Amino acid sequence: MAMNELRAEVEAAAQAELNRANEKFPLFNSRHEGYAVALGKMEDAKEAMENAESSLAVLWDGVRGKEIACFLVEDTKPMAIYHQAVDAACEMVKVAAMLLKYEMSQADADGQAGSEGKDYGDLCS
């Protein structure tokens, strides 16, 4: 049940982010633009995730008794990694929001939702 509650909260956060984005920017002009924006957000999310992952690896090295370079100590404390993890989660919320915006843009352009009514030939039969 906790996962369902968390999912609902994340979906609400994605919707709120979509609303903020829609206040600043119009719907996407094309599928290419929607893809490019979503891809850019995904790259930001990957970078944030990699940052948290590498910091966690350094934390683990410290747990195992390995010497940690002094310039890494502050960024690899549990609360620093917590903030990095939250940043990564926020970036994924942005990805979700841009995918919602992509869907909205396609519905607006097609007069219908997303891929409904599209002919993909035998590939999706």
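Numbers here are sequence positions counted from 1. Predicted model, so just to flag it, every value in this text is computed and none were measured.
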Can you see which heavy atom on A96 is nearest to which on A14, and at what distance? CB-CB, 3.9 Å
Reported OG-to-CD distance for the pair S54 and Q84, which is rounded to 0.5 angstrom: 7.0 Å
Are F71 and I68 co-members of a hydrophobic cluster defined by side-chain heavy atoms under 4.5 Å apart? yes
To the closest 0.5 Å, what do you measure between OH (Y82) and CG (D87)? 10.0 Å
Can you tell me how far the CG atom of L27 sits from the CD atom of Q106, to the nearest 0.5 Å? 10.0 Å
Find out if a path of hydrophobic residues (ILVMFWY) with successive side-chain heavy-atom gaps under 4.5 Å connects V86 to M79. yes
Counting C-beta onward and ignoring hydrogens, is there a side-chain heavy-atom pair between Q15 and N19 closer than 4.5 Å? yes
Is E11 salt-bridged to R7, going by a charged N under 4.0 Å from an acidic O? yes
Hydrophobic cluster membership, M104 vs M98, 4.5 Å side-chain cutoff: no
Is there a donor-acceptor pair under 3.5 Å between the side chain of E17 and the backbone N or O of C90? no
R31 vs Y102 side-chain heavy atoms within contact, under 4.5 Å: yes
Transitive ILVMFWY side-chain link L72 to L59, under 4.5 Å: no
Contact check, side chains of V73 and V58, non-hydrogen atoms, under 4.5 Å: no
Straight-line distance of L56 CG to N51 CG, nearest 0.5 Å: 11.5 Å
Do K41 and M92 make a side-chain contact, defined as non-hydrogen atoms from C-beta onward lying under 4.5 Å apart? no
Taking all non-hydrogen atoms of both residues into account, name the closest pair between T76 and S55 and its distance. CG2-O, 3.6 Å
Where A48 and A88 come nearest, the two heavy atoms and their spacing: CB-CA, 3.7 Å
What about V95 and V93, same hydrophobic cluster or not, with Ile/Leu/Val/Met/Phe/Trp/Tyr joined at side-chain heavy-atom distances under 4.5 Å? no
Heavy atoms only: give me the nearest F28-G34 pair and the separation to one decimal. CD1-CA, 3.4 Å
Straight-line distance of R20 CZ to K94 NZ, nearest 0.5 Å: 9.0 Å
